[in-house]
Amino acid sequence: MNHLAKEKSPYLMQHANNPVDWYPWGEEAFELARKEDKPIFLSIGYATCHWCHVMEKESFENPDIAKRMNETFINIKVDREELPQVDNFYMEFAQAMMSSPGGWPLNILLTPDLKPFFAVTYLPPSTKKGLMGLTEFCEQIHSLWTSEEKNHLIDQAEELLEIMEHSFQAKGEELPDEMEISYAAQNLFSVADENYGGIKGEPKFPLGYQAEFLLQYAKAKKDSRAIYFVELTLGSMYKGGIYDHLGGGFSRYSIDEKWQIPHFEKMLYDNAILAKTYCQAWKYTKKENYKKVFQGIIEYVLREMTHPDGGFYSAEDADSDGHEGLFYTWDYKEILDSLKEDGETFCHAYGVTKEGNFEGRNVLHLVNGDEGLESCKKILFEERSKRNRPFKDDKILSSWNGLMIDAMASTGYTDAALKAAEFIKKNLWKEGRLFRRFRDGEARFSAGLDEYAFMIKGVLSLYEAGMGDRFLEWALEMTKILEIEFKAEHGAFYQTDSQETLLFRKCDFYDGAEPSGNGVHLENLLRLYQATFNEHYLTQAEDILKAAHEFMKTFPPGTCYHYMGLQRYYDKLAPTVAIVLDESRSLEKEIKELLSSKFCPHAFIMWNPVDKKPIDGQTTVYICTQGVCNDPLIKKEDIVKAIQAL
């Protein structure tokens, strides 16, 4: 085994038996590169990455290619989900160096002092169809590094580093104007797919927070285009094959514009974000299909992606038995044999044909109404359960768990959210600090901005769901850590603390597959301001907006989370609802039901705050705006009317 033998990451464990002499990211590998004066071959991927598997089988398991790699490079493997700060840092450089979009596997060449000078994604083992093979690649780099060209490569890396470092240091003095919210919405409309929703083009990614931004915009501005686009997108995604019609949950993305043929891996963060989005859409429209979808997502996560003690696993692979999508796809005859007399009806509803739509098999996608077919779906679900499941990446990440805790607390699954939060507190909160990853009894890697911001978001939602003051206190404790250890001098927050081994610290403002950590923490700070009316949190939120302003103007579709924060910031009527229960907790159930079905995205809910008392010993509701509270409400009809009016 190579130097990955003692690692806990499922991805690194997959490569521990490769003849490539892989090292984990760390000083041992860096020191060896300096000592032997070799470039570093940094290969970044993750356990459920299809093309990572392909490259491993074709190249990294090949003894001849491995020998060339070992002679030419110091080889380092990184799990992008364990070390997202390393992936994020070098992906920025890769996108600056490559003409094509970045992706995984991401392979970057570094100087011994970690400066990047070349980047590429998938490489075949040998040159074909104009794509350089890894064999020839090793030969070419060896030739360059052992010639006078070496100094040119190093100079090139220095120049790029200087340019990128300057671009990462965001500075801003002005807050975005309220009118820029409408500009961002217009920008989204201009790139929207008018036929199938989402953004024009393919592949298509289910970016739920873009729909969530437009839902909030629709409520604030009564803009029919916004709600039309949201409904078109969410409806098309639900009908498409990107949604698992039998088991719930969404795949990573679709390869076509119709959301029909997915890349079949399922990621926890996608499903957390989408569960929240579909729930918000249900609250806004009261359409039962949206409720059906978010419940399907949550039930899938609870059934397949939950540790016995409460934490949530990371992902499921696209492949099983060596074939992509085999677990999820169907043969026409297989369905007829399983469903007997209902088979033709089901095939008509879900677009199943003899020819199939994916490698001779069928991805289920809703073409016609599926009323009355629930029993058929249950039969097929049971039949599918007999198959070998795709590989499950069972590491538990505090960041993605924070997103799922938020989703579950917001969709009514508070017991599961509570259990997961307690799991994180027990296993990934050590001596007043958050860690990133738990697996096989080990908590490892200091948390970065995303881990703290996403967990704060989740535990604030638990507090709002009435799960206790301890979650507000924990959120405040984590917020203090970010302020002390992550805040940049110009106002926003660095991705990492000062102990990180990267070349420099950077602030990141763009949403990717996951929302921006700065964007999420902007929301956190505004929520904390609503909870405490402490101007300190409002000032920190304004600092983020000032720093992010230029990025927001440059690319609104990629900064939707900041625009959601900006909507909350300018919502002068954003209420803080304080509920003080009497000794018998009367009206608690009724108030929770009212709040759980009400679309009021900028409200902050507080249960039994210490500065509020019940009036005449009765359950009392206070509704406050910008620190000023209306008259307390004790009559049930007054409480119902006030909450419905939010």
Side-chain angles (χ1 to χ4, degrees), residues 22-45 72-98 102-121 141 144-145 149-171 436 444-452 482 485-510 512 516-518 547 551:
W22 295 115
Y23 284 80
W25 179 264
E27 189 55 41
E28 182 182 5
F30 308 155
E31 177 59 33
L32 188 62
R34 292 190 290 267
K35 179 181 177 182
E36 298 189 4
D37 190 25
K38 285 183 177 180
I40 292 169
F41 184 92
L42 172 62
S43 184
I44 304 174
T72 308
F73 307 114
I74 300 302
N75 299 287
I76 296 178
K77 260 289 171 198
V78 162
D79 181 341
R80 66 173 284 258
E81 296 166 0
E82 276 197 340
L83 296 174
Q85 76 282 17
V86 176
D87 173 59
N88 178 281
F89 187 87
Y90 286 109
M91 181 63 82
E92 295 268 9
F93 283 94
Q95 290 173 331
M97 288 187 274
M98 297 189 302
W104 298 277
L106 176 63
N107 299 299
I108 299 192
L109 297 188
L110 312 179
T111 64
D113 54 359
L114 307 183
K115 295 168 184 172
F117 63 89
F118 189 82
V120 68
T121 53
I141 297 301
L144 291 171
W145 194 259
E149 286 295 313
K150 173 184 174 182
N151 290 332
H152 176 69
L153 293 176
I154 293 173
D155 290 344
Q156 179 181 302
E158 292 278 3
E159 290 173 11
L160 181 60
L161 184 70
E162 188 176 332
I163 293 168
M164 298 298 282
E165 184 172 11
H166 178 74
S167 70
F168 287 150
Q169 304 310 314
K171 296 179 181 178
R436 179 176 291 124
R444 192 177 174 197
F445 305 114
S446 296
L449 171 62
D450 289 1
E451 285 72 36
Y452 279 107
L482 286 182
E485 299 184 12
F486 287 78
K487 201 168 192 300
E489 61 276 6
H490 48 72
F493 290 80
Y494 288 123
Q495 291 298 104
T496 58
D497 63 22
S498 59
Q499 307 305 311
E500 185 53 63
T501 57
L502 296 171
L503 296 169
F504 56 82
R505 298 168 80 187
K506 62 187 283 285
C507 295
D508 197 16
F509 298 101
Y510 287 124
S516 156
N518 269 297
F551 295 86

Chemist: Go through it in stages, so that I can follow the logic: the residues are Lys506 and Glu92, the test is side-chain contact (heavy atoms from CB on, under 4.5 Å), and I'd like the CA-CA distance, side-chain angles, deciding distance and then a yes or no.
Modeler: CA-CA 11 Å; Lys506 62 187 283 285; Glu92 295 268 9; 3.5 Å; yes

Chemist: If you look at every heavy atom in Tyr90 and Leu42, which pair is closest and at what distance?
Modeler: CD1-CD2, 3.7 Å

Chemist: Kindly determine whether Glu158 and Lys115 satisfy salt bridge (charged side-chain N to carboxylate O under 4.0 Å, His left out), including the steps that lead there.
Modeler: CA-CA 7 Å; Glu158 292 278 3; Lys115 295 168 184 172; 2.6 Å; yes

Chemist: Taking the side chain as everything from C-beta on, heavy atoms only, tell me whether Phe30 gets closer than 4.5 Å to Ile74.
Modeler: no

Chemist: Taking all atoms of both residues into account, what is the closest heavy-atom pair of Glu81 and Pro84, and its distance?
Modeler: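 What the structure gives for the nearest pair is O-CD, 3.7 Å.
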
Chemist: Could you tell me the separation between the CG atom of Asn107 and the CG atom of Asn75, rounded to the nearest 0.5 Å?
Modeler: 10.0 Å

Chemist: Do you know the tightest heavy-atom contact between Thr111 and Ile40?
Modeler: O-CD1, 3.9 Å

Chemist: What class does the angle between the rings of Trp145 and Phe117 fall in, given that below 30° is parallel, 30 to 60° is tilted and above 60° is perpendicular?
Modeler: parallel

Chemist: Are the side chains of Leu83 and Arg436 in contact, using a 4.5 Å heavy-atom criterion?
Modeler: yes

Chemist: Looking at Ala29 and Pro24, what are the two nearest heavy atoms and their distance?
Modeler: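 In this case the closest contact between Ala29 and Pro24 is CB-O, 4.1 Å.
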
Chemist: Looking at side-chain heavy atoms only, is the closest gap between Asp37 and Lys150 below 4.5 Å?
Modeler: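 Result yes, sub-4.5 Å side-chain heavy-atom pair found.
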
Chemist: Looking only at atom types and distance, does a side-chain atom of Glu165 sit under 3.5 Å from a main-chain N or O of Glu162, one as donor and one as acceptor?
Modeler: no

Chemist: When you measure from the side chain of Asn518 to the backbone N and O of Asp508, does any donor-acceptor pair fall under 3.5 Å?
Modeler: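 Pair found, side chain donor or acceptor close to backbone of Asp508.
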
Chemist: Indicate the atoms forming the closest heavy-atom contact of Ile141 with Pro39, along with that distance.
Modeler: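 Taking Ile141 first and Pro39 second, the nearest heavy atoms are CG2-CG, 4.3 Å.
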
Chemist: Test side-chain contact (heavy atoms from CB on, under 4.5 Å) on Leu502 and Gln495 and set out the steps.
Modeler: CA-CA 11 Å; Leu502 296 171; Gln495 291 298 104; over 6 Å; no

Chemist: How many angstroms lie between CG in Leu109 and CG in Leu153, if you round to the nearest 0.5 Å?
Modeler: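 Result: 9.0 Å between the selected atoms.
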
Chemist: Check whether any side-chain heavy atom of Phe89 lies under 4.5 Å from a side-chain heavy atom of Thr496, and answer yes or no.
Modeler: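 Side chain of Phe89 against side chain of Thr496, heavy atoms only: no contact under 4.5 Å found.
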
Chemist: Could you grab the distance from atom CG of Leu106 to atom OG of Ser43, nearest 0.5 Å is fine?
Modeler: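 So the gap between those two atoms works out to 8.0 Å.
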
Chemist: Quick check for you: to the nearest 0.5 Å, what is the distance between Asp87 atom CG and Glu82 atom CD?
Modeler: 12.5 Å

Chemist: For side-chain contact (heavy atoms from CB on, under 4.5 Å), just list the numbers for Phe493 and Tyr452, CA-CA rounded to whole Å, side-chain angles, deciding distance to a tenth of an Å, and then say yes or no.
Modeler: CA-CA 11 Å; Phe493 290 80; Tyr452 279 107; over 6 Å; no

Chemist: Quick one: CD on Gln85 to OH on Tyr494, what's the gap to the nearest 0.5 Å?
Modeler: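 One gets 16.0 Å once the value is rounded to the nearest 0.5 Å.
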
Chemist: Under the criterion ring pair (Phe, Tyr, Trp, His ring centres under 6.0 Å), which of Phe118, Phe41, Tyr23 is the partner of Phe73?
Modeler: Phe41

Chemist: Evaluate Trp25 against Leu114 for side-chain contact (heavy atoms from CB on, under 4.5 Å), listing each step before the verdict.
Modeler: CA-CA 11 Å; Trp25 179 264; Leu114 307 183; 4.3 Å; yes

Chemist: Identify the heavy atoms of Asp497 and Ser446 that sit nearest to each other, and give their distance.
Modeler: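 Minimum heavy-atom contact is OD2-CB, 4.4 Å.
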
Chemist: What is the distance from atom OG1 of Thr121 to atom CD1 of Ile108, rounded to the nearest 0.5 Å?
Modeler: 10.5 Å

